[in-house]
2 protein chains.
Amino acid sequence: MTEKNIKELVDKYIQLSFSVTKKAESLIKEQIGSDLTSDQHYTLRYIYQAESCNSSELAEVFDVKKSAITAIINRMWEKGLIQRTRDEDDRRIVYLTLTDKGNELYLKAEQRIHKLVESLISQFDQSEISQFIETYEKLNDILIHSKDKQMEE
Amino acid sequence: MTEKNIKELVDKYIQLSFSVTKKAESLIKEQIGSDLTSDQHYTLRYIYQAESCNSSELAEVFDVKKSAITAIINRMWEKGLIQRTRDEDDRRIVYLTLTDKGNELYLKAEQRIHKLVESLISQFDQSEISQFIETYEKLNDILIHSKDKQMEE
DNA sequence: ACTTAACTGTTCAACTGTTTAATCATTAAC
DNA sequence: GTTAATGATTAAACAGTTGAACAGTTAAGT
């Protein structure tokens with residue numbers, strides 16, 4: 001592969017990455033509706049899948065400071081979507097769990113997102129989309145590894 | 001493809017999309033440094049590539065209201081990165097162009113991002129990455145089409 | 001046991017980015 | 001020549017973020 005080809009490939013990837021991310025985010029926002037912001041939905045999803053978690057964990061996953069998590073959790077707590085429970089053994093830790101309302105709101109939005117993504121995916125061959133996701137997964141691993149390597153420095 | 005397989009594929013894509021986007025954004029932020037935010041860098045890039053553009057165009061590309069663009073341009077104008085020039089024929093239109101400082105700052109960050117992406121891409125077979133980008137491009141087209149279809153409704 | 005250090009989470013001030021609605025200046029349409 | 005429409009801005013309000021300071025709790029060292 002020539003230098004020029006590599007540069008073009010990289011340019012194209014940077015361009016596509018920006019464009020796809022923007023448009024996907026925009027479509028997802030429409031599925032979520034006005035009850036939740038994107039970040040709030042992502043937060044609901046993480047807590048839903050983890051069943052229970054704490055601020056530090058969320059801060060690491062979302063790659064923001066803990067104070068940012070406190071702020072977002074506060075807003076969702078005020079809306080009655082999230083509960084806080086202190087650990088009895090280590091009273092520093094605050095467990096975050098979804099309320100019934102939070103659960104319901106998450107599932108409603110997630111179903112719509114699921115339908116959206118399914119309709120997008122259905123426009124590809126099965127082999128093409130499988131190959132794509134496989135590479136995407138590999139990229140994800142490489143990105144995780146890149147972050148870890150930076151931590152060591 | 002069974003129902004179950006589709007659901008798993010969709011779940012995986014949603015999961016990966018979130019994870020990859022977060023991590024890539026985080027790595028890119030590190031390349032940009034503290035002189036610029038991500039959005040400011042994206043703005044510089046768009047104006048750099050377009051050579052000249054106006055607020056409405058940016059608002060459409062970034063999928064935000066024009067007032068949001070005004071705000072971001074104001075901050076970058078205060079930093080001396082962007083110039084505003086009124087069109088002589090239609091004095092409503094304000095052309096946005098990069099100052100030398102803006103140009104320089106953009107290129108410095110973009111070079112680092114380029115190196116980052118190149119080092120990521122180099123960890124794949126050429127055929128794999130070509131196939132990936134091809135599918136990514138197709139996905140981008142589909143997303144653009146999805147937006148257009150919504151506009152018609 | 002007491003002191004110190006480390007950890008979990010919060011508060012506060014300052015900032016970026018966003019939307020909504022109102023406004024200004026300019027151009028287009030009739 | 002008055003009325004639309006257009007391009008851009010302003011102001012208020014809010015979500016999200018950081019950085020620094022802090023409170024409460026637990027762990028470690030001695």
5'-most by nearest nucleotide on DNA chain C - A/S55 or B/A68: A/S55

Expressed in angstrom and rounded to an integer, what is the separation of [X] atom [atom1] from [N] atom [atom2]?
| X | N | atom1 | atom2 | result |
| --- | --- | --- | --- | --- |
| B/E30 | D/dT18 | CD | P | 12 Å |
| A/W77 | C/dG9 | CH2 | C1' | 15 Å |
| B/D63 | C/dT19 | CG | P | 8 Å |
| B/E78 | C/dG17 | CD | P | 12 Å |
| B/K29 | D/dT18 | NZ | P | 6 Å |
| A/D39 | C/dT16 | CG | P | 18 Å |
| A/D89 | C/dT8 | CG | P | 15 Å |
| B/I69 | D/dT6 | CD1 | P | 19 Å |

What I'd like to find out is whether the side chain of [X] reaches to under 4.5 Å of the side chain of [Y], using heavy atoms alone.
| X | Y | value |
| --- | --- | --- |
| A/Q31 | A/K115 | no |
| B/F18 | A/R45 | yes |
| B/T135 | A/Q131 | no |

Proximity to the side chain of [X] - top-ranked nucleotide from [options]:
| X | options | answer |
| --- | --- | --- |
| B/T37 | C/dT16, D/dG19, D/dG7 | C/dT16 |
| A/K66 | C/dT20, C/dG9, C/dT26 | C/dG9 |
| A/K65 | D/dT18, C/dG9, C/dT19 | D/dT18 |
| B/R92 | D/dG16, D/dT18, C/dT26 | C/dT26 |
| A/T70 | C/dG17, C/dT11, C/dT27 | C/dT11 |
| A/N74 | C/dT11, D/dT26, D/dG16 | C/dT11 |

Phosphate OP1/OP2 of D/dG16 contacted by A/R75 side-chain N/O (<4.0 Å): yes

Remaining members of hydrophobic cluster (4.5 Å side-chain criterion), A/Y95: A/I93

Nearest-nucleotide comparison on DNA chain D, the residue closer to the 5′ end among A/R86 and A/K79: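 Its nearest nucleotide lies further toward 5', so the answer is A/K79.
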
First encountered from the 5' end of DNA chain D, between A/Q40 and B/I93: B/I93

Sugar-phosphate only, base, or nothing, as touched by B/D87 at under 4.0 Å among non-hydrogen atoms: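 If one applies the 4.0 Å heavy-atom cut-off, B/D87 turns out to touch nothing in the nucleic acid.
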
Touch class at under 4.0 angstrom, heavy-atom based, for B/S67 against every strand present: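 B/S67: base contact, heavy atoms under 4.0 Å.
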
Who pairs with C/dC30 - Watson-Crick or G-U, where each distance is under 3.5 Å: D/dG1

Watson-Crick/G-U partner (both atom distances under 3.5 Å) of C/dT18: D/dA13

Mutual orientation of the aromatic rings belonging to B/Y106 and B/Y48 [parallel < 30°, tilted 30-60°, perpendicular > 60°]: tilted

Syn/anti state for D/dA4 [syn: chi within 90° of 0]: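 It is syn.
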
Shortest non-hydrogen separation from A/K23 to A/S19 and the atoms involved: NZ-OG, 2.6 Å

Check: B/S56 side chain, D/dT6 base, donor-acceptor under 3.5 Å: no

